[in-house]
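For reference, the structure discussed in these notes is given below.
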Amino acid sequence: SEQQYWLAMHDVGYAMLDELRSQRYERPSVDYLVVMGMHGANLDYMKSLSAAGYRVGNTHRLVTLRDHGVSREFIGGLTDAGYRNLSLDDLQVLRDHGVTPDFIASLRRFGFTGLTTDQLLEARDHGVTESFVEDFRELGYTNLSLRDFVRLRDHGVTPGFARQLRSSNGRLLSVEELVRRRDRGRHRARQDQRCAVVALRRRRQLRLFDGDDVGQRQVVAKEHVSH
């Protein structure tokens with residue numbers, strides 16, 4: 001039958017059923033066994049997670065973990081980095097957000113060690129990359145905390161912006177000063193944008209008044225009243 005063909009194609013056989021039973025999984029339907037095989041949640045994957053210390057116990061959860069890339073290699077890399085005994089939820093969240101062993105190693109190269117998973121997620125989600133930290137270090141910002149880098153990134157303070165201010169001020173500005181200068185520039189840019197919109201609207205109204213169409217003048221009058 002077609003089911004048997006797909007089961008054979010994805011190496012889903014009696015050995016996998018025995019493993020499911022030994023790890024106390026619920027017994028899946030034949031259709032779902034096919035799904036598991038197609039997603040790579042097979043015997044080898046089950047055994048690899050078990051060898052890493054994780055017995056999932058739910059076939060749907062097993063497929064989800066496989067789809068999200070939670071592999072034995074990923075778990076092993078985190079373990080080697082000192083992140084042991086993480087929950088399956090923690091593993092999936094870290095994988096989804098791109099917190100990999102390589103990312104952890106890149107932060108450690110700058111002395112950021114002993115970070116919690118929340119700190120790792122914050123740094124990754126806010127775009128604190130190795131090059132971002134390195135560029136600021138080269139400018140002379142050698143004593144900033146990871147939280148400082150997150151704040152700089154959030155406010156759009158780039159190494160180029162900091163370098164420009166260093167040149168114009170003859171010194172390194174503090175994180176607080178950099179953020180304040182950057183926010184002030186953004187506020188001014190928004191004001192300029194609003195002024196440009198108002199000026200454009202006025203020019204359009206003047207062009208309408210240059211015509212003789214009374215209906216057009218009435219439209220402009222209504223727009224004026226509404227604003």
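Source: prediction; values computed, not measured.
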Verdict with reasoning, Y54 to V70, per side chain to side chain contact (heavy atoms under 4.5 Å, CB included): CA-CA 11 Å; Y54 294 91; V70 178; over 6 Å; no
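Here the side chains of R72 and Y45 are not in contact, with every heavy-atom distance at 4.5 Å or above. Between V56 and Y25 there is a side-chain heavy-atom pair separated by less than 4.5 Å. The side-chain heavy atoms of L94 and L86, taken from C-beta on, include a pair separated by under 4.5 Å. For the pair E177/R171, a side-chain contact is recorded, criterion being any heavy-atom separation below 4.5 Å from C-beta on. Looking only at side-chain heavy atoms (C-beta outward), L152 and Y141 stay at 4.5 Å or farther from each other. Side-chain contact check for D89 versus R61: some heavy-atom pair is nearer than 4.5 Å.
Under a cutoff of 6.0 Å and an axis angle of 45°, R95 and F74 form a cation-pi pair. Remark: R181 is not positioned above the aromatic ring of F161, lacking an NZ or CZ atom under 6.0 angstrom from the ring centre and at most 45 degrees off the axis.
R84 places no side-chain N or O within 3.5 Å of a backbone atom of L78 that could act as its donor or acceptor partner.
Note that CD of E176 and CG of D148 are 10.0 Å apart. Values are rounded to the nearest 0.5 Å. A distance of 13.5 Å separates CD of E122 from CZ of R153, quoted to the nearest 0.5 Å. Here CG of L49 is found 6.5 Å from CG of L62. Values are rounded to the nearest 0.5 Å. Expressed to the nearest 0.5 Å, how far CG of L107 lies from CZ of F112 amounts to 7.0 Å.
For Q92 and T64, the side-chain atoms include no donor-acceptor pair closer than 3.5 Å.
Ring centroid separation for the pair H126 and F149 does not come in under the 6.0 Å cut-off.
Salt-bridge annotation for R180 and D183: absent, with no side-chain N of the basic residue lying under 4.0 Å from a carboxylate O of the acidic one.
By the side chain to side chain donor-acceptor pair (under 3.5 Å) test, S168 pairs with no residue at all, sequence neighbours left out.
Counting only residues at least two apart or in different chains, salt bridge (charged side-chain N to carboxylate O under 4.0 Å, His left out) contacts with residues 123-132 comprise R109-E130.
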